[in-house]
Amino acid sequence: EYQIEESKKAVTQMEVILGDPKRLRLLADDFIKHYEKRIEEGASVLGKVMFVSSSRAIAYDLYKEIIALRPGWAEIRECDAGVELNENEKKEIKPIEKIKMVMTRSQDDPKTLYDMLGSKDYRKELDRQFKNAKSNFKIAIVVDMWITGFDVPFLEAIYIDKPIQQHSLIQTISRVNRVYEGKEMGLVVDYIGIKSNMNIALKKYSKIQVENFEDIAKAVVIVKDQLDL
């Protein structure tokens, strides 16, 4: 019971730190600059990325900070400017915002958040739209959903701001490990410090010992060969 109580305290303290308003403003600003720079430089093929937050409350606060800086990302559109849709694509693609939160909702949620998250059927539609290469839905903010068993070959980058352990961590970073034309590799942006857990995970789930995750070439081979789920 003592260990459980201490664990709860540690989690609460971590949530306070990760959810600090000033930190989230800095995080939102950094994410936007990084994302837009990759688009500008042509480093991103389709601009599809995922941001993993540590809790629903923090995800919502981060979303609001991002929208405050980029209100246009909350505008409902079919696709990016300059993108042409054929008749079939027009039927499949639904007008949607550029950035969405993907998570279950609770009766305790503020009404704005509750309405925004939508029903189970709505989340299925978000799934379909994100997997459509031409959909305007480019940025998914998640907590637990989509970080395992979610296959989008053109997903190019995942931003991690959540403590994730071993096997779940491997599955999470593997979301950007799918082959797609024009995509050289997936990118993992670490905002919280997953290196030590990554080392442990690679040692545990790979056939060879990895002493240092800085050895990127070896790590990429391991993740691709051993963890292509």
Side-chain angles (χ1 to χ4, degrees), residues 11 14-15 18 23 27-28 30-39 41 43-56 58-59 62-63 66 99-103 126-127 130-131 133 137-229:
V11 170
M14 178 65 76
E15 293 290 300
L18 296 181
R23 178 183 184 273
L27 190 64
D30 187 79
F31 165 70
I32 290 170
K33 288 178 179 176
H34 186 270
Y35 178 81
E36 291 183 333
K37 184 177 181 181
R38 281 176 53 79
I39 300 295
E41 295 178 344
S44 176
V45 178
L46 296 174
K48 297 273 187 173
V49 304
M50 189 182 297
F51 195 106
V52 185
S53 284
S54 60
S55 73
R56 297 167 74 259
I58 291 175
L62 175 66
Y63 170 83
I66 292 173
I99 182 171
K100 298 288 291 184
M101 290 181 292
V102 183
M103 58 194 74
L126 291 181
D127 184 301
F130 195 74
K131 289 177 178 177
F137 182 17
K138 303 288 188 182
I139 304 167
I141 299 180
V142 304
V143 177
D144 296 312
M145 299 185 73
W146 291 10
I147 63 175
T148 61
F150 185 70
D151 191 13
V152 181
F154 43 74
L155 179 64
E156 299 180 278
I158 186 165
Y159 297 77
I160 299 179
D161 192 42
K162 174 181 180 177
I164 308 176
Q165 301 299 318
Q166 297 187 27
H167 184 63
S168 294
L169 175 56
I170 291 172
Q171 290 204 51
T172 299
I173 68 171
S174 293
R175 296 311 98 208
V176 293
N177 197 35
R178 302 299 186 266
V179 177
Y180 187 76
E181 184 178 357
K183 171 184 166 184
E184 294 184 5
M185 66 186 71
L187 174 68
V188 178
V189 180
D190 177 17
Y191 280 122
I192 197 168
I194 62 172
K195 178 182 174 182
S196 59
N197 280 342
M198 193 69 242
N199 280 334
I200 294 171
L202 287 173
K203 288 178 182 179
K204 184 173 182 179
Y205 295 104
S206 64
K207 294 180 180 178
I208 65 174
Q209 293 295 310
V210 182
E211 297 301 330
N212 194 336
F213 189 53
E214 299 290 349
D215 188 349
I216 300 299
K218 185 184 293 184
V220 168
V221 171
I222 293 168
V223 172
K224 284 186 175 180
D225 291 349
Q226 304 294 327
L227 311 169
D228 190 10
L229 306 176

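All residue numbers refer to positions in the sequence shown, counting from 1. Not measured: the values here are computed from a predicted model.
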Participant: Checking side chain to side chain contact (heavy atoms under 4.5 Å, CB included) for the pair D30/Y191: CA distance, chi angles, key distance, verdict?
Facilitator: CA-CA 10 Å; D30 187 79; Y191 280 122; 2.6 Å; yes

Participant: Strictly distance-based, threshold 3.5 Å: is any side-chain N or O of K48 a donor or acceptor partner for the main-chain N or O of A133?
Facilitator: no

Participant: At their closest point, which heavy atom of F51 faces which heavy atom of D161, and how far apart are they?
Facilitator: CE2-CB, 3.9 Å

Participant: Hey, does the side chain of S174 reach the backbone of N177 with a donor-acceptor pair shorter than 3.5 angstrom?
Facilitator: no

Participant: Hey, could you give me the CG/CG distance between L155 and L187, rounded to the nearest 0.5 Å?
Facilitator: 10.5 Å

Participant: Would you call the rings of F137 and W146 parallel, tilted or perpendicular, taking 30° and 60° as the class edges?
Facilitator: tilted

Participant: Within 45° of the ring axis of F154 and under 6.0 Å from its six-membered ring centre, is that where the NZ or CZ of K183 lies?
Facilitator: no

Participant: Rounded to the nearest 0.5 Å, what separates atom CD1 in I32 from atom NE2 in H34?
Facilitator: 13.0 Å

Participant: Look up atom OG1 in T172 and atom CD1 in I147, then write down how far apart they are to the nearest 0.5 Å.
Facilitator: 4.0 Å

Participant: Keeping the roles fixed (side chain from E156, backbone from G47), state whether a donor-acceptor pair exists under 3.5 Å.
Facilitator: yes

Participant: Should I139 and F31 count as side-chain neighbours, where that means a heavy-atom distance under 4.5 Å?
Facilitator: yes

Participant: Distance from L126 atom CG to M145 atom CE, nearest 0.5 Å?
Facilitator: 9.0 Å

Participant: Just by distance, do the side chain of R178 and the backbone of V152 share a donor-acceptor pair under 3.5 Å?
Facilitator: no

Participant: Roughly how far apart are S54 OG and I160 CD1, rounded to 0.5 Å?
Facilitator: 12.5 Å

Participant: Between K162 and V142, does the side chain to side chain contact (heavy atoms under 4.5 Å, CB included) criterion hold? Intermediate values first, please.
Facilitator: CA-CA 10 Å; K162 174 181 180 177; V142 304; over 6 Å; no

Participant: What closest approach, in Å, do I66 and A28 show between heavy atoms, and which atom pair accounts for it?
Facilitator: CG1-CB, 3.7 Å

Participant: Go through the steps to decide whether L18 and I192 satisfy the test side chain to side chain contact (heavy atoms under 4.5 Å, CB included), and finish with yes or no.
Facilitator: CA-CA 9 Å; L18 296 181; I192 197 168; 3.8 Å; yes

Participant: Any chance you could measure M101, atom CE, to S53, atom OG, to the nearest 0.5 Å?
Facilitator: 9.5 Å

Participant: For a quick test of reading the model, state the closest non-hydrogen atom pair linking V143 to A59 and the distance between them.
Facilitator: CG2-CB, 4.1 Å

Participant: Is a donor on one side and an acceptor on the other found under 3.5 Å between the side chain of Y159 and the backbone of I141?
Facilitator: no

Participant: Passes side chain to side chain contact (heavy atoms under 4.5 Å, CB included), K138 versus Y35? Steps please.
Facilitator: CA-CA 11 Å; K138 303 288 188 182; Y35 178 81; 3.6 Å; yes

Participant: What I'd like to find out is whether the side chain of L46 reaches to under 4.5 Å of the side chain of Y180, using heavy atoms alone.
Facilitator: yes

